A.B. asks: 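Before I ask anything, here is the structure I am working with.
Side chains included, hydrogens not; waters and symmetry mates left out as well; all remaining heavy atoms used. Nothing here was measured: the structure is a model prediction, and the numbers come from that model.
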Amino acid sequence: FFLKICDRVRKLGVRTNADTPGDARRAREFGAEGIGLCRTEHMFFEGERIWPVRQMILVADDYTLMLEKLDAAQTQKQKKAIEKEYAIVRKQFEGALKKLLPVQRSDFEGIFKAMAGLPVTIRLLDPPLHEFLPQDVKNQAEMAKRLNVSPRVVKAEVERLHEFNPMLGHRGCRLAISYPAIYRMQARAVVEAALNVKKKGIVVLPEIMIPLVGALAELKMVKDEIVDEIKMVFKERKARIKYMIGTMIEVPRAALTADEIATEAQFFSFGTNDLTQMTMGFSRDDAGKFLGEYVNKGIYAADPFQKLDQTGVGKLVEMGTKLGRKIRKKLKVGICGEHGGEPDSIDFCHRVGMDYVSCSPFRVPIARLAAAQAAVK
């Protein structure tokens, strides 16, 4: 009863971060009004589906190389010779993605059913590819045996994908620039799932989110590929569904150029975990060793990964919101980092005029209360 009073008072919507139908249902029981972050990479690790992911990774390098060779071919003879090799590699690469398509589609169907009538923001693949490969010798040997390749091939691929700072490396939309077929497969899975669920009389509101965008050209290139794939699905199925395409604002440059980004993005979701990391120059994985001392000595009032740094990172959030809405007045803006469930950060989100916050299922009641307190203030 008390939370229903809070719901009548608050202006901010409250969504949840959920990757499974079970989490989605639990969050809905707590009063979530949709999903603000569904992390598709978590689905890649379940059961047997890791194997087509690894198969895809093994041929990804050859796939890119063949495309580069095709572009560089100067005669028809050269082009024909490369096309034969390319056809083999492409078949292997796309074959692995075809195995992933039905399992992704099934996952999305479950989530759409659990969130019937509520918006679901689906973030396309975000982490670097090395996270899907085994790092130890024993598991590399198992992968080699399973995929019928030499252990040396697996080891070489692990070494090739190694990055000194992977969180600032080849991940997010940067993967889609290199391998457009990955995001195409995911976009197809989202839309096919939405159409299947809609056919059962359930209202579906999919929002496709492109992560780690830093430049307008980057977003446009990736978005064009996704829209093209969606149009193909509509044509094949002779059916349509409303959808949105937006981006995660987590690279400082995206916040600074949000007016440009908004020409292509229908919504912004501030990923304040990465935005804090990149803006403050702190590694989330390592800063815990000294941040306590910074707080104790009064350098920062609180751990910026627990409470949003309103005077620094917050300025980028506010700036990005204002710049984006200058171009697109009805731009939907939310936050999906850990700060989405922290009361002081929620108060800030209310003050800058966000539409919603998104947090873990168990924080949803806290977020509903904090959003009401912010409105009362």
A.B. asks: Report yes if the side chains of T276 and D309 come closer than 4.5 Å at any heavy-atom pair, otherwise no.
C.D. replies: no

A.B. asks: Decide whether V357 and L3 are clustered together by the hydrophobic rule: side chain heavy atoms of Ile, Leu, Val, Met, Phe, Trp, Tyr closer than 4.5 Å, transitively.
C.D. replies: no

A.B. asks: Please report the C-alpha distance between L205 and K242 in whole Å, then the side-chain angles of each, then the deciding distance to 0.1 Å, and finally whether the side-chain contact (heavy atoms from CB on, under 4.5 Å) criterion is met.
C.D. replies: CA-CA 7 Å; L205 302 169; K242 285 185 178 179; over 6 Å; no

A.B. asks: Test your reading of the model: is there a side-chain donor-acceptor pair from T247 to the backbone of I210, 3.5 Å cut-off?
C.D. replies: yes

A.B. asks: Are D355 and R15 ion-paired here, with the side-chain N under 4.0 Å from a carboxylate O?
C.D. replies: no

A.B. asks: Given the rule in the side-chain contact (heavy atoms from CB on, under 4.5 Å) test, do M167 and R171 qualify, once you have shown the distances and angles that lead to the verdict?
C.D. replies: CA-CA 7 Å; M167 288 303 99; R171 56 172 281 227; 4.1 Å; yes

A.B. asks: Search all heavy atoms of M185 against all heavy atoms of L101 and return the closest pair with its distance.
C.D. replies: O-CD1, 3.6 Å

A.B. asks: Checking the side chain of H170 only, and the main-chain atoms of S178 only, is there a donor and an acceptor separated by less than 3.5 Å?
C.D. replies: no

A.B. asks: Could you state the interatomic distance from CZ (R26) to CD (E29), rounded to the nearest 0.5 Å?
C.D. replies: 8.0 Å

A.B. asks: State yes or no: do V190 and V203 share one hydrophobic cluster built from I, L, V, M, F, W and Y residues joined by side-chain heavy-atom distances below 4.5 Å, directly or via other members?
C.D. replies: no

A.B. asks: Find the distance between CD (E225) and CD1 (I177) and round it off to the nearest 0.5 Å.
C.D. replies: 8.5 Å

A.B. asks: Can you confirm whether M280 is buried at CE, in the sense that more than 12 heavy atoms of other residues, nucleotides or ligands lie under 6.0 Å from that atom?
C.D. replies: yes

A.B. asks: If I compare all heavy atoms of A371 with all of L12, which pair ends up nearest, and what's the gap?
C.D. replies: CB-CB, 4.0 Å

A.B. asks: Treating E218 as the side-chain partner and V213 as the backbone partner, does any N or O pair qualify as donor plus acceptor under 3.5 Å?
C.D. replies: no

A.B. asks: Do R123 and N17 get their side chains close enough for a donor-acceptor pair, meaning under 3.5 Å?
C.D. replies: no

A.B. asks: Could you check whether any side-chain N or O of E207 sits under 3.5 Å from a backbone N or O of F267, counting only pairs where one atom can act as donor and the other as acceptor?
C.D. replies: no

A.B. asks: Under 3.5 Å, which donor-acceptor pairs do the side chains of residues 284-292 form with other protein atoms, sequence neighbours left out?
C.D. replies:
| from | atom 1 | to | atom 2 | distance (Å) |
| --- | --- | --- | --- | --- |
| D286 | OD2 | S283 | OG | 3.1 |

A.B. asks: Counting distance only, does the side-chain N/O of K223 pair as donor-acceptor with the main-chain N or O of I245 below 3.5 Å?
C.D. replies: no

A.B. asks: Given 3.5 Å as the limit, does a donor-acceptor pair link the side chain of Q104 with the main chain of Q186, or not?
C.D. replies: no

A.B. asks: Please work out which of the three classes, parallel, tilted or perpendicular, describes the rings of F270 and F268, given edges at 30° and 60°.
C.D. replies: perpendicular

A.B. asks: Side chains of M244 and I208, heavy atoms from C-beta outward: is any pair under 4.5 Å?
C.D. replies: no

A.B. asks: Could you tell me which non-hydrogen atom of A367 sits nearest to which non-hydrogen atom of G340, and how far apart they are?
C.D. replies: CB-O, 4.1 Å

A.B. asks: Do Q55 and K99 have a side chain donor and acceptor closer than 3.5 Å?
C.D. replies: yes

A.B. asks: Does CZ belonging to R240 count more than 12 external heavy atoms closer than 6.0 Å?
C.D. replies: no

A.B. asks: Determine whether L331 and Q266 make a side-chain contact, defined as any pair of heavy atoms from C-beta on separated by less than 4.5 Å.
C.D. replies: no

A.B. asks: Sub-3.5 Å donor-acceptor pair from the side chain of R25 to the main-chain atoms of A114, do we have one?
C.D. replies: no

A.B. asks: I need the full list of ring-ring contact (aromatic ring centres under 6.0 Å, His included) pairs touching residues 23-58, with sequence neighbours left out, sorted by first then second residue.
C.D. replies: F30-F362, F44-F132, F45-F132

A.B. asks: Which atom names give the shortest non-hydrogen contact between I111 and T20, and what distance separates them?
C.D. replies: CG1-C, 3.9 Å

A.B. asks: Does atom CG of D136 have more than 12 heavy-atom neighbours, drawn from other residues, nucleotides or ligands, at distances under 6.0 Å?
C.D. replies: yes

A.B. asks: Determine, stepwise, if the pair L212 / M248 fulfils side-chain contact (heavy atoms from CB on, under 4.5 Å).
C.D. replies: CA-CA 6 Å; L212 215 74; M248 205 166 182; over 6 Å; no

A.B. asks: Could you measure the distance from the CG atom of D23 to the OG atom of S360? Nearest 0.5 Å is fine.
C.D. replies: 9.5 Å

A.B. asks: Please report the interatomic distance CD1(I35) to SG(C336), rounded to the nearest 0.5 Å.
C.D. replies: 12.5 Å

A.B. asks: Quick check: does any side chain N or O of T257 sit under 3.5 Å from a backbone N or O of E260, one acting as donor and the other as acceptor?
C.D. replies: no

A.B. asks: Checking the side chain of S150 only, and the main-chain atoms of R152 only, is there a donor and an acceptor separated by less than 3.5 Å?
C.D. replies: yes

A.B. asks: Got a salt bridge between K307 and D303, using NZ or NE/NH1/NH2 to carboxylate O under 4.0 Å?
C.D. replies: no

A.B. asks: Do the rings of F282 and Y300 sit parallel, tilted or perpendicular, given the 30° and 60° boundaries?
C.D. replies: perpendicular

A.B. asks: If you group Ile, Leu, Val, Met, Phe, Trp and Tyr by side-chain heavy-atom gaps below 4.5 Å, do V333 and L316 land in one group?
C.D. replies: yes

A.B. asks: Salt bridge or not between K297 and E293? Use side-chain N to carboxylate O under 4.0 Å.
C.D. replies: yes

A.B. asks: Are the side chains of S269 and Y356 in touch, meaning some heavy atoms are under 4.5 Å apart?
C.D. replies: yes

A.B. asks: Any side-chain heavy atom of E142 sitting closer than 4.5 Å to one from N139?
C.D. replies: yes

A.B. asks: Honestly curious: do I241 and M232 fall in one hydrophobic cluster under the side-chain, below-4.5 Å linking rule?
C.D. replies: no

A.B. asks: Could you work out, with side chain to side chain contact (heavy atoms under 4.5 Å, CB included) as the rule, every residue matching R49, not counting sequence neighbours?
C.D. replies: M43, E46, L100, V103, D107

A.B. asks: Side chains of N273 and E338: do they bring a donor and an acceptor to under 3.5 Å?
C.D. replies: no

A.B. asks: Rounded at 0.5 Å granularity, tell me how far CZ in R368 sits from SG in C359.
C.D. replies: 10.5 Å

A.B. asks: Where is the tightest heavy-atom contact between E342 and Q306, given as atom of each residue plus distance?
C.D. replies: CG-O, 3.3 Å

A.B. asks: Can a donor-acceptor pair be found, under 3.5 Å and without considering hydrogens, that links the side chain of T16 to the backbone of A32?
C.D. replies: no

A.B. asks: Got a second to check how far L118's CG is from R28's CZ, nearest 0.5 Å?
C.D. replies: 4.0 Å

A.B. asks: Does D224 reach the side chain of D228, with side-chain heavy atoms less than 4.5 Å apart?
C.D. replies: no

A.B. asks: So do M115 and P21 actually touch side chain to side chain, heavy atoms under 4.5 Å?
C.D. replies: no

A.B. asks: Minimum heavy-atom separation for R105 to A193, with atom names?
C.D. replies: O-CB, 3.4 Å

A.B. asks: If Ile, Leu, Val, Met, Phe, Trp and Tyr residues are connected whenever their side-chain heavy atoms lie under 4.5 Å apart, and connections chain through other members, are I366 and V364 in the same group?
C.D. replies: no

A.B. asks: Kindly indicate whether the side chain of L216, heavy atoms from C-beta on, has any atom under 4.5 Å from the side chain of E264.
C.D. replies: yes

A.B. asks: Strictly below 4.0 Å, N to O, side chains only: are R10 and E33 in salt-bridge contact?
C.D. replies: yes

A.B. asks: Does the side-chain contact (heavy atoms from CB on, under 4.5 Å) test come out yes or no for R351 and Q310, once each step is laid out?
C.D. replies: CA-CA 11 Å; R351 283 186 278 113; Q310 296 182 23; 2.9 Å; yes

